[in-house]
Trainee: 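Structure incoming, see below.
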Amino acid sequence: MLQGPGIAWYLGLAAFLFATGALGVLVRRNPLIVLLSLEIMLNGGNLALIAVARHAGDGAGQIFALAVMAVAASEVCVGLGFVVAIHRRRLALDVDELSELRG
Amino acid sequence: MILAASAGNVIVWMVWVAAGFACLASAVAVVSFSNPFFSALALIGNLASLAVLYLLLSAEFVAAAQVLVYAGAVVVMFLFVIAYVGPRTEPPWAGGPSWQAVAAALAAGSIFIEIVVAVGLKAGGRLSHSEHVGRAFGSPGWIGRLFLTDHLLAFEITSIVLLVAAVGGVILGAHTKRLA
């Protein structure tokens, strides 16, 4: 028996988190804040996965959420590596300026 | 008995409203702070309130892993890099709203509406009644048994993904000096 709010409330909250993170990814120009907003998007997805796992009484959603957390940690590792590399080459930390792949 | 059950229900609702509000407020704060240092600190609040929500969904191990992995490791890594790169503030709405910001807000709003409509259409009638789960649901032992029996391949692939990411981070950090 799930006490308190039903699963729909959790899913609505997850959708709002995802949309907020998407807004941050689209609006912000600092790559660090873009990465932080990506974390919010991934967390929204995780909340939906765990809510549905609890709803169905099945453990696969929680396993999926843990895999998403591992992928998020990998993404942060590589993304912050990029930020440090960009900073070392004295390029501007601005995703509008860094629009070409040429080094 | 019924009185005790409804009192528990009210407490769960209060915890949910507090954690959900903290979650929304800190997510908006992460997106709208101009200083990335404050954004990273707001992300800690977001992760902690999400861990409370996971506890309400009887996902104890995921809540603990969330606090350990995200708030303990990922945010600390962010704070180190922000300290290394130096404070660099960028007011998100400087100089009035540009067409890009307006279009991004419209896109984010339409994503939200699309998710709500899609979930409501596909599963709207089935969301009211949740399954009954046992006490072991979400406990570390139960997760570990699932990981080592049903989801062994996912477990192994996760370790490979983490290894590749670590190697990539080392290469990105080490070779820039030679290239520059």
Side-chain angles (χ1 to χ4, degrees), chain A residues 1-13 15-24 26-30 32-33 36-37 39-40 43 47 50-51 53-57 59-60 62-63 65-67 69-74 76-78 80-85 87-89 93 103, chain B residues 8-9 12-13 16 20 23-24 27-28 30-31 36 39-40 43 46 50 53-54 56-59 62 65 69 74 77 81-82 84-85 88 90 92 101 104-105 107-109 111-112 115-116 119 127-128 130-133 138 143 146-147 151 154 158 161-162 165-166 168-169 172-173 176 180:
Chain A
M1 174 75 195
L2 179 65
Q3 287 200 324
I7 294 299
W9 290 90
Y10 290 95
L11 290 181
L13 187 59
F16 188 88
L17 277 183
F18 191 86
T20 309
L23 177 68
L26 292 172
V27 165
R28 302 308 301 262
R29 296 197 306 276
N30 188 333
L32 285 164
I33 297 186
L36 288 169
S37 305
E39 295 298 317
I40 293 183
N43 276 317
L47 180 59
I50 290 173
R54 174 64 186 77
H55 178 67
Q62 293 194 11
I63 301 289
L66 288 168
M69 282 165 70
V71 170
S74 314
V76 166
C77 175
V78 175
L80 290 180
F82 273 124
V83 169
V84 170
H87 180 71
R88 273 201 196 157
R89 309 184 79 177
L93 272 181
Chain B
N9 209 14
V12 171
W13 262 104
W16 190 88
C23 188
L24 295 184
V28 172
V30 169
V31 171
S39 286
L43 187 69
N46 190 14
L50 272 173
L53 292 179
Y54 293 171
L56 292 184
L57 287 167
S58 57
V62 184
V69 172
V74 169
M77 205 152 68
V81 171
I82 290 167
Y84 175 72
V85 169
R88 178 184 306 272
E90 172 228 324
I111 286 176
F112 176 66
I115 296 172
V116 169
V119 171
L127 288 179
S128 54
S130 292
E131 294 284 324
H132 183 81
V133 295
I143 292 274
L146 274 182
F147 252 138
H151 302 282
T158 299
V161 167
L162 285 172
L172 278 174
T176 43

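Below, chains carry the letters A, B, ... as their sequence lines are ordered, and counting in each starts from 1.
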Trainee: Where does B/Ala27 contact chain A at under 4.5 Å (heavy atoms): side chain, backbone, both or neither?
Mentor: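 Both backbone and side chain.
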
Trainee: Between A/Val84 and B/Leu172, is any pair of side-chain heavy atoms under 4.5 Å apart?
Mentor: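 Side-chain contact under 4.5 Å: no.
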
Trainee: Pick from B/Gly109, B/Ala107, B/Gly20, B/Ser58: which one has the most heavy-atom pairs with chain A under 4.5 Å?
Mentor: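 Highest number of pairs under 4.5 Å: B/Ser58.
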
Trainee: Looking at A/Ala22, A/Ala51, A/Gly12, which has the largest count of heavy-atom pairs under 4.5 Å with chain B?
Mentor: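 Between A/Ala22, A/Ala51, A/Gly12, the count favours A/Ala51.
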
Trainee: To the nearest 0.5 angstrom, please state how far the CG atom of A/Leu36 sits from the OG atom of B/Ser39.
Mentor: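 Separation between the atoms: 6.0 Å.
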
Trainee: Kindly check if the number of other-residue, nucleotide or ligand heavy atoms within 6.0 Å of CH2 (B/Trp13) is above 12?
Mentor: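 Counting other residues, nucleotides and ligands, CH2 of B/Trp13 exceeds 12 neighbours.
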
Trainee: Hey, which of A/Val83, A/Leu32, A/Leu80, A/Ile7 has the most heavy atom pairs under 4.5 Å with chain B?
Mentor: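 Of the candidates given, the most pairs with chain B belong to A/Leu80.
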
Trainee: So which heavy atom on A/Ile40 is nearest to which on B/Leu43, and how close?
Mentor: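 It is CG1-CD1, 3.9 Å.
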
Trainee: Under a 4.5 Å heavy-atom cut-off, does chain B meet the side chain of A/Ala56, its backbone, both or neither?
Mentor: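 Looking at A/Ala56, just its backbone touches chain B.
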
Trainee: Can you say whether B/Val85 sits under 4.5 Å from chain A via the side chain, the backbone, both, or neither, judging by heavy atoms?
Mentor: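 Backbone plus side chain of B/Val85, per the 4.5 Å heavy-atom cut-off to chain A.
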
Trainee: Measuring from A/Ile63:CD1 to B/Leu146:CG, what's the distance to the nearest 0.5 Å?
Mentor: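 Rounded to the nearest 0.5 Å, the CD1-CG separation comes out at 4.5 Å.
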
Trainee: Which atoms of B/Leu53 are under 4.5 Å from chain A, going by heavy atoms: the side chain, the backbone, both sets, or neither?
Mentor: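 B/Leu53 touches chain A through backbone and side-chain heavy atoms alike.
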
Trainee: Select one option (side chain, backbone, both, neither) describing which atoms of A/Leu66 are under 4.5 Å from chain B's heavy atoms.
Mentor: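 Looking at A/Leu66, just its side chain touches chain B.
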
Trainee: What part of B/Leu162 gets closer than 4.5 Å to chain A, counting heavy atoms only: side chain, backbone, both or neither?
Mentor: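 Both backbone and side chain.
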
Trainee: Pick from A/Gly6, A/Gly57, A/Ser37: which one has the most heavy-atom pairs with chain B under 4.5 Å?
Mentor: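 Answer, by heavy-atom pair count under 4.5 Å with chain B: A/Gly57.
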
Trainee: Based on non-hydrogen pairs under 4.5 Å, which of B/Gly168, B/Ala108, B/Ala166, B/Cys23 is most in contact with chain A?
Mentor: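 Between B/Gly168, B/Ala108, B/Ala166, B/Cys23, the count favours B/Ala108.
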
Trainee: Answer with side chain, backbone, both or neither: which region of B/Val119 has an atom nearer than 4.5 Å to a non-hydrogen atom of chain A?
Mentor: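 Only the side chain of B/Val119 comes within 4.5 Å of chain A.
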
Trainee: Quick check on A/Phe16 against chain B: is it the side chain, the backbone, both or neither that has a heavy atom closer than 4.5 Å?
Mentor: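 Contact with chain B is through both the backbone and side chain of A/Phe16.
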
Trainee: Please round to the nearest 0.5 Å and tell me the distance separating atom NE2 of B/His151 and atom CD1 of B/Ile143.
Mentor: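 Reported to 0.5 Å precision, the distance equals 9.0 Å.
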
Trainee: Are A/Leu17 and B/Asn46 side-chain neighbours, meaning at least one heavy-atom pair lies under 4.5 Å?
Mentor: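 The answer is yes, as the side chains (C-beta and beyond) meet within the 4.5 Å cut-off.
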
Trainee: When rounded to the nearest 0.5 angstrom, what is the spacing between OH in A/Tyr10 and CG in A/Leu47?
Mentor: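 The CG atom of A/Leu47 is 8.5 Å from OH of A/Tyr10, to the nearest 0.5 Å.
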
Trainee: Chain A: which of B/Val69, B/Leu50, B/Val74, B/Val161 shares the most heavy-atom pairs with it under 4.5 Å?
Mentor: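 Greatest number of close heavy-atom pairs with chain A: B/Leu50.
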
Trainee: To the nearest 0.5 Å, tell me how far A/Leu13 CG sits from B/Leu24 CG.
Mentor: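 That separation rounds to 5.0 Å.
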
Trainee: Look at the side chain of A/Arg88 and the backbone N and O of B/Gly173, then say whether any donor-acceptor pair between them is shorter than 3.5 Å.
Mentor: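 Side chain of A/Arg88 to backbone of B/Gly173: a pair is present.
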
Trainee: CG/A/Leu26 to CD1/B/Ile111 distance, rounded to the nearest 0.5 angstrom?
Mentor: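 So the CG of A/Leu26 and the CD1 of B/Ile111 are separated by 6.5 Å.
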
Trainee: Just so I understand: if I count every heavy-atom pair under 4.5 Å between each of B/Val116, B/Ile82, B/Val62, B/Thr158 and chain A, which residue has the most?
Mentor: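 Most heavy-atom pairs within the cutoff with chain A belong to B/Val62.
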
Trainee: Where on A/His55 is there a heavy atom nearer than 4.5 Å to chain B: the side chain, the backbone, both, or neither?
Mentor: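 Contact with chain B involves both backbone and side-chain atoms of A/His55.
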
Trainee: Could you tell me which portion of B/Val28 (side chain, backbone, both or neither) has an atom closer than 4.5 angstrom to a non-hydrogen atom of chain A?
Mentor: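 Its backbone and side chain both get close to chain A.
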
